[in-house]
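Everything quoted here is computed from the prediction, not taken from an experiment.
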Amino acid sequence: MGSTVVKNGTVVTADLTYKADVKIEGDVIVEIGQNLSGDTVLDATGCFIMPGGIDPHTHLEMPFMGTYSADDFESGTRAGLAGGTTMVVDFCLPNPNQSLLEALSMWDNKTGKASADYSFHMAITWWSEQVWREMAEVVDRGITSFKHFMAYKGSLMVNDDEMFSSFQRCADLGALPLVHAENGDVVAAMTAKLLAEGNNGPEAHAYSRPPEVEGEATNRAIMIADMAGVPLYVVHVSAEQSHEAIRRARQKGMRVYGEPLIQHLTLDESEYFNADWDHAARRVMSPPFRNKSHQDSLWAGLQSGSLSCVATDHCAFTTDQKRTGIGNFAKIPNGTGGLEDRLPVLWTTGVNTGRLTMNEFVAVTSTNIAKILNLYPKKGAVLVGADADLVVWDPKRKKTISAASQQSVIDYNVFEGFEVTGLPRYVLSRGKVSIVESEVKAEPGHGKFVARQAKKSREPGLEPVERNRRAPQGGALGHSGDGGLMVFDAFEQGRFMTPVVSAQNLGLTFKTNDGDVVALSDVNLTINKGEFVSFIGPSGCGKTTFLRTIADLERPTSGKLTINGQTPEVARKARAYGYVFQAPALYPWRTIEKNVALPLEIMGYGAGQQAERVRRTMDLVNLSGFEKKYPWQLSGGMQQRASIARALSFDADLLLMDEPFGALDEIVRDHLNSELLKLWDRTQKTICFVTHSIPEAVYLSTKIVVMSPRPGRVTDVIESDLPKERPLDIRETPEFLTIAARVRDGLRAGHSYEEAV
C-alpha cells in the first residue's frame, strides 16, 4: 500500500492549530510537517485537518421495545463516516439472566459489515455472581465501560444495591461505569397516570419524564459512585437539573463526565406539539427534548468544561416502527437518528455562532471521549503513530439536511430542512479514503474492533484519599467495615452462590373427584448456578410435576419456591427458563427453522429477532444443515435437537428438560447425551433433567435427585464427583458404578411394590 499525504491544510486538534501536511502509510500517521510528498495527495486547501469524530453512544441493530433499531453496523457506520465520524462505541445489552459473554458474542456477530472502527460498552441489565465474575472477562477482552439503566422498569432497570455492587466491581477492575439517569419508578408511575387520564399521544412522553426525574437520578448515581470510589459517566444529559448535579460534583473534585446529545442542544420540546402524530413520534426518545432554557445550560457546560462530550444516542426506528405506539405513547420505540448530522449541526450551531472554538469542537466530538475511554492517542489525535482517522473539514461547504439524501435507512430525519455550513471534504478511516464530499467510498468490513485497557485508579503503593466512603455497619445490605458488600467478597473466594432454584417445604396437592392426590410433599432442594441436575424416580413420583412447578405451570399449595430469587410467575414472565417437553414433535408443514422459531413467533418477536435467535440456537445444538449432516436421525434426533433449540431461543440460563430423549434408541440417545454435555459446558446453563434411566442420570449430572412416588418426596440428593470430561466408557469405571448403585438403592428404598399392593 502506498503513502497518502493530506496537503495544504490547517491541523486543528483539541489544543493546537497550525499549518502542516499529514502523511499516512497503512493505517497510521507517519509524519506531520511542511512540504511532504506521497503516492496519493489529498488537497486540503482552505480546510481543517481534524481527528475523526468518535460517537460514544450508538445503538445499532439493537433489540428494544419489541423491535430492532433500523440501522445496522453497515448503514450506521456509513452514515457516521458521511458526517465525519470515524468510530462508534455501541452498547452490548444482555437479556436479563443472559451471560455477558454470550451477549457479547451476539453483538460481535453484527459487526462484520462495519465500515468504520467500533468498540462496545457492556450493559449491566441484571446482577448475580455470574455477572460479577464475567465483568473481569469483559474487561480482559478490551471493553472497560459498563452501562447501568436507572430507567425502563421491568426490563433494563437495575436497582440501587445492584448498581452500587457493580460500581464497586468497576472500581476493582479499573473500569468506568455509565448511567442512563432517570428515576424509573417515578417514570413508570407517571406513565400509568397519564395513560389512565387519556393522555396517550407523543407529547405525553415528555410529560412522563420531567427534568426533575433526570436530576434526581443523576445526583443519586453520583453519590453512589462516590461511595464506591469510582468515576462516573452520565449519558445523554438533557436538563439543567442533571447538569447542576454534575457541575457540583466536579467542583468537589469528583470525576464525573457529562454527555449531552446534539438533539438536545438544538431541538426543543415544541417538536412534540406538532399536529402531525408521525412528526412528534419520530422524535420520541429518552430523555425527551427539553425547553430552550435547558439548551442554554448544556451549551454553557460545553463552553466551561463541566460537560465533556457530544454524542447522538443514535437509535433509529422507521415511521412504521414508531406507529406501534399509536394510542399509547409508552409503546413508541424510543430513539432518533443523528450519526451523520452530529458534526455538521454542532459546527453550524456551535463554531459558526461563536459558542465553541474549533479546538473545543474537536475536544467534545473526539479527543475528550478518546481520553475518557483510554483510546487516546490511538484515536482522537493528529499525532505520529496515531490511527489515520482524519476529517478534512471544509468550513464553507453547505447543504440542507434531508432524509432523501441521508445514509441512514430510516425514512425521515429529525433535522430535516436544517441548513448546515461546514462539511467534510474527505474522511479517512485508518488511512482509507471513505468519503469524498458527497461520494461514499466506505468499504463494509473495513471497520475493526478497538480494544481498550482498564484504567487503574492509582499507582501501586499509593493509597487513595478516603472521602465520602464511610459505609453503615450492618443493615439489609450487610456492609463490611471497608464499605464493600460481604456477599461479593465471598464471591471472590467461592463461598457464596445465588441459588437458581430454591424449594423450601414445597408441597402440591391436586383436588380430584376421588379426593386429594399428593404430588409433592415437603420437598427441600437447592439448585445452584451452572449445575446439571437429574431427577430420577418411577412413574408418578412427582419429578415432572416439580419441573412444571418451577415453570409456573402448576402452583404449589404449601411451602416456598423461588427462581433467581423471584416467584415462579415473575420468572415465567421474565422468560427466565426454557422448557423442553416430553415427546418433542415437529410440525410437518413447517421447515426446521420455522419449528425452532415457533415459541418466538407466539411471543411476538419480530422477524429479525426470530432469525437471529434461530440461527444462533440451531448452531448451538448442531442443527444447522441437519438433513445433510445426520440423515439417519431425521425422525428422532432432529426432533429432540429442535425442541432444545426452541428452549434455548429465549436466552434463558435455566433449562427444564422433561425426558427429552425418552423415545429414542440407545445409540442415538448416547450420541445426544454427549452433545448435551458439550452444550452445557459451552453455554454454562443450569439444567434440570428428568429421566427414568440410571446410567443417563449418572452420566449427565453434577447432582442427582432421587424421588419416591409416595407421596412425592426427595429420598436422596447425590453430588457427583465425576470429571467434567465424560466419554461414554466412563460408565464402566468404579466411580460411575458406585454412584449408580447409590441411585438404585435410593429408588428401591423409596418404592415398595409389595407395600403398594
Sub-4.5 Å side-chain heavy-atom contact between F546 and L525: yes
Rounded distance [0.5 Å steps], CE in M65 versus NZ in K322: 8.5 Å
T318 side chain to D411 side chain, donor-acceptor N/O pair below 3.5 angstrom: no
For Y412, all residues meeting ring pair (Phe, Tyr, Trp, His ring centres under 6.0 Å), sequence neighbours excluded: none
Identified ring-ring contact (aromatic ring centres under 6.0 Å, His included) partner of H57 from the options F120, Y233, F91: F91
Donor on one side chain, acceptor on other, R290 and S238, under 3.5 Å: yes
Any side-chain heavy-atom pair of E182 and H180 under 4.5 Å: yes
Shortest non-hydrogen contact between A175 and V230, atoms and distance: O-CG2, 3.7 Å
Pair H314, D71: side-chain N/O donor-acceptor within cut-off below 3.5 Å: yes
Candidate pair I644 and M657, rule side-chain contact (heavy atoms from CB on, under 4.5 Å), full reasoning: CA-CA 8 Å; I644 294 169; M657 308 185 72; 3.6 Å; yes
N-O pairing of K685 and E102 below 4.0 Å: yes
Stepwise side-chain contact (heavy atoms from CB on, under 4.5 Å) check, L93 with F149: CA-CA 11 Å; L93 272 66; F149 290 88; 4.2 Å; yes
Flag for T312-D55: side-chain donor and acceptor within less than 3.5 Å: yes
Positive for side-chain contact (heavy atoms from CB on, under 4.5 Å) with R169, one of W132, F146, F164: W132
Trace of the salt bridge (charged side-chain N to carboxylate O under 4.0 Å, His left out) decision for E137 with R133: CA-CA 7 Å; E137 175 66 18; R133 290 187 184 281; over 6 Å; no
Short side-chain donor-acceptor distance under 3.5 Å, Q504 and K560: no
Selection residues 279-288 - residue pairs positive for salt bridge (Lys or Arg N to Asp or Glu O under 4.0 Å), sequence neighbours left out: E271-R283
Check: S75/D72 side-chain N/O donor and acceptor closer than 3.5 Å: yes
Derivation and outcome, side-chain contact (heavy atoms from CB on, under 4.5 Å), residues K147 and M122: CA-CA 6 Å; K147 184 178 182 182; M122 175 60 70; over 6 Å; no
R548/E554 salt bridge by N-O under 4.0 Å criterion: yes
Between T67 and Q321: side-chain donor-acceptor atoms closer than 3.5 Å: yes
By salt bridge (Lys or Arg N to Asp or Glu O under 4.0 Å) - contacts of D619 (at least two apart): none
Steps toward side-chain hydrogen bond (donor to acceptor under 3.5 Å, both in side chains) verdict (H243, S297): CA-CA 7 Å; H243 180 203; S297 173; 2.8 Å; yes
Test side-chain contact (heavy atoms from CB on, under 4.5 Å) applied to N97 and Q130, step by step: CA-CA 9 Å; N97 301 312; Q130 177 186 354; over 6 Å; no
For the student: nearest non-hydrogen atoms of A249 and V256, plus distance: CB-CG2, 3.9 Å
Distance-only polar pair, side chains of H59 and D313, donor-acceptor under 3.5 Å: yes
Minimum-distance pair of heavy atoms, taken over all atoms of L298 and A239: CD2-N, 4.3 Å
Residue pairs passing the salt bridge (Lys or Arg N to Asp or Glu O under 4.0 Å) test where at least one lies in residues 323-335, sequence neighbours excluded: D278-R323, D320-R323
E134 versus S99, side-chain donor and acceptor atoms under 3.5 Å: yes
All side-chain hydrogen bond (donor to acceptor under 3.5 Å, both in side chains) counterparts of S166, not counting sequence neighbours: H148
For L195, all residues meeting side chain to side chain contact (heavy atoms under 4.5 Å, CB included), sequence neighbours excluded: T191, N200, N328, F329, A330
S242 and E214 side chains, donor-acceptor separation under 3.5 Å: yes
Distance-minimising heavy-atom pair for I410 and A316: CG2-CB, 3.6 Å
Heavy-atom check, side chain of M150 versus side chain of M163, under 4.5 Å: yes
